[in-house]
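Source: prediction; values computed, not measured. Within every chain, numbering begins at 1; the chains are lettered A, B, ... in the order of the sequence lines, protein sequences first and strands thereafter.
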2 protein chains.
Amino acid sequence: MTTPTGDQALIKRINTAIVLESILRNAPLSRAQISEQSGLNKATVSSLVQDLIDGSLVREIGTGQSSGGRKPVMLDFVSSSGYAIGIDLGVNYIRGVLADLRGNVVAERTSSLRLGDAGGEAGVSIAVDQLCGCIESLMTEAPASAYGIVGIGVGVPGLVDDGGTLLLAPNLKWRDVPLQRILTDKFSLPVTIDNEANMGALGEQKYGAGRSIGNIIYVSVGIGIGTGLILNKSLYKGASGFSGEMGHLSVEAHGKSCTCGNRGCWEMYASEQALLEQASPLGFDDLESLLAAAGEGRADVLELFAGIGEYLGIGIANIVNVFNPDAVVIGNRMSQARPWLEDVLRRTVVQRALGFHLRKVQLLFAELGERSTMMGAAEMAIEGFFARVKAT
Amino acid sequence: MTTPTGDQALIKRINTAIVLESILRNAPLSRAQISEQSGLNKATVSSLVQDLIDGSLVREIGTGQSSGGRKPVMLDFVSSSGYAIGIDLGVNYIRGVLADLRGNVVAERTSSLRLGDAGGEAGVSIAVDQLCGCIESLMTEAPASAYGIVGIGVGVPGLVDDGGTLLLAPNLKWRDVPLQRILTDKFSLPVTIDNEANMGALGEQKYGAGRSIGNIIYVSVGIGIGTGLILNKSLYKGASGFSGEMGHLSVEAHGKSCTCGNRGCWEMYASEQALLEQASPLGFDDLESLLAAAGEGRADVLELFAGIGEYLGIGIANIVNVFNPDAVVIGNRMSQARPWLEDVLRRTVVQRALGFHLRKVQLLFAELGERSTMMGAAEMAIEGFFARVKAT
DNA sequence: CTTAGTTTGTCTATCCAATAAACTAAGTTT
DNA sequence: AAACTTAGTTTATTGGATAGACAAACTAAG
């Protein structure tokens with residue numbers, strides 16, 4: 001058990017992080033402003049800023065307004081000093097993005113993934129090839145920069161351990177795929193793999209509906225239901241590196257049996273799958289046609305959506321009671337049904353969540369739509385880069 | 001926004017904390033051992049240890065075994081350099097303890113609290129007087145020491161905000177009682193107020209069934225159900241300072257209406273209250289007589305307990321799926337029914353919790369019994385003291 | 001246009017904690 | 001007794017942060 005001890009290098013790391021953070025959040029600003037905000041001495045700030053400039057992460061962008069004295073030299077973060085790749089590996093598509101260190105999108109790729117009957121090994125191989133092709137294609141789009149590609153983030157529809165192995169992806173029929181190792185070996189870059197919902201949560205918290213909110217719960221309603229928890233601005237993962245399996249919260253103690261072994265799981269009542277099952281007798285077999293029918297005002301379809309909305313609300317009320325977050329963001333495919341879900345959902349949550357929490361909780365819908373996961377994956381790579389910078 | 005900056009004082013604090021922590025966990029040990037374990041230089045350790053000795057927190061207790069060289073001077077933590085008070089303020093009792101800085105009990109007090117019809121203001125005043133009496137009585141038992149009474153912790157049956165105000169205690173019929181302020185004003189000591197379940201969780205994690213387990217969920221099954229979450233060895237509190245209202249997780253989406261506004265709340269099915277309601281037709285009106293009857297093997301009573309056990313398992317499976325903890329500890333009054341609950345409970349959890357988590361999760365019963373909360377409250381005061389020491 | 005006052009950013013001397021290495025102390029082994 | 005081991009202290013050095021002095025560059029008032 002070797003605890004990281006405190007020495008002068010640690011101080012410098014801490015203070016460099018403070019300065020960098022300050023620039024990232026408030027750019028453009030001057031050395032004097034950083035000093036005042038942070039409490040660090042002017043000389044200290046000057047020295048650390050110089051290091052950052054030497055490291056190509058910060059640059060001077062000319063003088064600012066004077067308020068009766070020497071004009072300040074304004075500093076800016078050089079977001080083009082490196083680029084990150086974010087991937088959303090879906091059940092039947094691959095989406096990828098190349099973003100700079102501020103998350104500005106430089107290039108984007110989408111391709112459909114048709115594994116057909118190629119389950120197991122064969123399917124993995126096809127998908128990994130396509131995935132690598134997507135990454136390579138994005139890499140060629142990256143402008144020359146000080147740090148180049150700083151990392152790759154991948155969101156996947158399944159359970160991931162902390163070593164980046166996809167333990168189980170029911171809808172892909174994959175099991176124990178060491179995705180992180182595969183990609184690290186191939187690209188020799190830092191790779192982060194995480195659940196699609198965790199990535200989506202990060203994406204919405206950083207670039208979408210949850211901007212600058214500290215505690216959000218992202219509910220990804222697709223075929224199943226996944227959740228991503230951001231507590232105190234960072235992703236919460238359970239004891240052994242995965243948690244948030246709230247799709248399998250039981251909301252009907254003696255309800256339908258689920259493949260997970262439990263009964264009455266939330267996602268048996270509030271997911272796209274649940275919706276489609278109920279819609280099948282009416283002659284629908286995909287979400288898009290149901291959305292169209294709802295748009296035309298078909299009463300029986302509207303009722304179906306209301307039912308889903310109520311069950312969504314039941315689960316969300318549970319989550320609110322447990323985590324008492326600042327906001328709940330609903331994302332993934334089902335968020336398109338917002339017009340027909342929102343009212344009943346909101347009503348159910350207000351009715352069922354404890355009054356104390358409700359005073360604060362906001363109910364939001366994803367702003368990035370189908371790009372939440374991809375952007376979150378890129379953000380994960382970016383954060384990894386910053387963590388490494390700060391550790392040096 | 002003034003971020004705490006890094007300077008030399010910070011280094012010293014960090015390293016002092018490392019040394020103190022090392023002594024607390026591994027005493028008795030020598031300076032050389034601390035140096036080796038922590039990676040700190042021998043000279044640094046010597047200097048920091050001297051500071052701790054000067055501060056009466058550590059002392060030399062003679063020489064240890066030599067392994068071929070000079071004998072080491074063994075160090076020990078001076079647990080008698082200060083004392084903490086822990087209080088369990090129940091609905092109809094007050095329990096208090098005086099413990100040294102290692103949690104060794106020096107004195108204990110129990111008194112019953114009969115508020116009768118004195119609800120609201122009058123009840124508060126009576127209870128607070130009795131509470132203060134208990135504290136004063138415990139304080140007189142404290143031996144002379146360097147730091148004296150280092151703090152008071154109080155566990156209460158209700159919702160507490162981060163300012164130590166008891167917002168709502170349904171079973172006491174209290175509302176907005178600024179308990180922390182009242183006690184700080186009276187005793188001029190650091191006071192921590194928290195929910196009974198949070199305190200119980202801390203008590204069991206530190207001194208009871210969950211010793212040295214990093215992530216535990218304590219389920220306090222009494223009149224209602226409360227939960228305390230310890231994640232990464234520290235108490236997790238939600239966004240606005242309170243969370244863990246898992247008694248109000250809905251396990252039957254369309255079940256019985258609860259006073260909280262929700263339906264099918266867990267505690268409507270698995271608490272002492274739920275048990276008593278079902279037992280009333282059989283002619284029982286308290287837990288003790290039911291336990292006795294179960295002990296004599298009355299079939300109808302055993303069935304009641306089995307029912308409670310199943311619902312407890314349903315809720316715990318949910319918790320396990322959400323938090324994926326290392327252990328779940330069942331405490332408070334219902335833990336006395338262990339012999340009649342455990343089998344069905346264990347079976348239900350195994351059946352319903354996702355296999356992945358189950359590999360790790362332990363199901364435990366509280367070891368401290370009715371003393372969990374009180375000991376946790378004392379521990380809270382002790383931790384507060386250490387935090388202050390480390391901050392200086 | 002001068003002068004006073006203000007703000008920015010750098011420079012210098014100093015402080016302080018950690019450290020390596022030398023050293024003292026006190027044992028064990030051969 | 002000599003050689004080796006281990007514990008803990010002393011000393012000189014290192015590398016950050018800091019206060020305060022300072023130079024540079026500006027505004028505003030007379």
Compare side-chain N and O positions of B:R31 against OP1 and OP2 of D:dT6 and report whether any pair is under 4.0 Å apart. no
Determine whether a donor-acceptor pair (N or O, by modelled atom type, separation under 3.5 Å) exists between the side chain of A:D161 and the backbone of A:G164. yes
B:R13 CZ to C:dC16 P: how many Å, rounded? 16 Å
Once you apply a heavy-atom cut-off of 4.0 Å, does A:V45 come out as touching a base, just sugar-phosphate, or nothing? nothing
Record whether the side chain of B:K71 comes under 3.5 Å of the base of C:dG27 through a donor-acceptor pair of N or O atoms. no
Specify the separation, in whole Å, of atom CD1 of B:I18 and atom P of C:dA17. 16 Å
Roughly how many Å is it from CD in B:Q65 to P in C:dT29, rounded to a whole number? 11 Å
Can you identify which nucleotide, out of D:dG8, D:dA17, C:dA18, has its nearest atom closest to the A:I11 side chain? D:dA17
Under 3.5 Å: donor-acceptor pair, side chain of B:D100, backbone of B:R102: yes
Judged by nearest nucleotide, the residue sitting upstream toward the 5' end of DNA chain D, B:V73 or B:G69, is B:G69
Are the side chain of A:E204 and the backbone N or O of A:G210 linked by a donor-acceptor pair below 3.5 Å? no
D:dG15, C:dT10, C:dA22: which one has an atom nearest the side-chain heavy atoms of B:Q8? D:dG15
Please tell me whether B:Q37 and B:N26 have a donor and an acceptor in their side chains that are separated by less than 3.5 angstrom. yes
Remember a base hit wins even if backbone is also touched, and classify A:A43 as base, sugar-phosphate or nothing at under 4.0 Å, heavy atoms. base
Presence of B:T44 side-chain N/O under 4.0 Å of C:dT19 phosphate oxygens OP1/OP2: yes
Whole-Å gap separating C1' (C:dT8) and CE (A:M74): 12 Å
Mind checking B:S30 for me? I need base, sugar-phosphate or nothing, with any heavy atom below 4.0 Å counting as a touch. sugar-phosphate
Below 4.0 Å: OP1/OP2 of D:dA17 and any side-chain N or O of A:N15: yes
Rounded off to whole Å, could you give me the CG-to-C1' distance for the B:L48 and D:dT9 pair? 14 Å
The side chain of B:S66 lies closest to which of these nucleotides: C:dA17, C:dG27, C:dA20? C:dG27
In terms of the angle between their ring planes, are B:Y147 and B:F385 parallel, tilted or perpendicular, with boundaries placed at 30° and 60°? perpendicular
No-H, no-angle donor-acceptor pair, B:R70 side chain to D:dA7 base, under 3.5 Å: yes
Does the base of D:dA19 carry an N or O that pairs as donor and acceptor with the side chain of A:N41 under 3.5 Å? yes
Atom NZ of A:K42 and atom C1' of C:dT12: how far apart are they, to the nearest Å? 14 Å
Where the side chain of A:S46 is defined as all heavy atoms beyond and including C-beta, which of C:dA18, C:dG9, C:dC15 is the nearest nucleotide? C:dG9
Would you kindly give the CD-to-P distance between A:Q50 and D:dG16, to the nearest whole Å? 15 Å
Across every strand shown, the nucleotide meeting Watson-Crick or G-U wobble geometry with D:dG30 (both distances under 3.5 Å) is C:dC1
Between D:dG15 (P) and A:L10 (CG): distance, integer Å: 16 Å
Would the B:F323 and A:F323 ring centres measure less than 6.0 Å apart? yes
Within the structure shown, what part of the strands sits under 4.0 Å from A:K12 by heavy-atom distance: base, sugar-phosphate, or nothing? sugar-phosphate
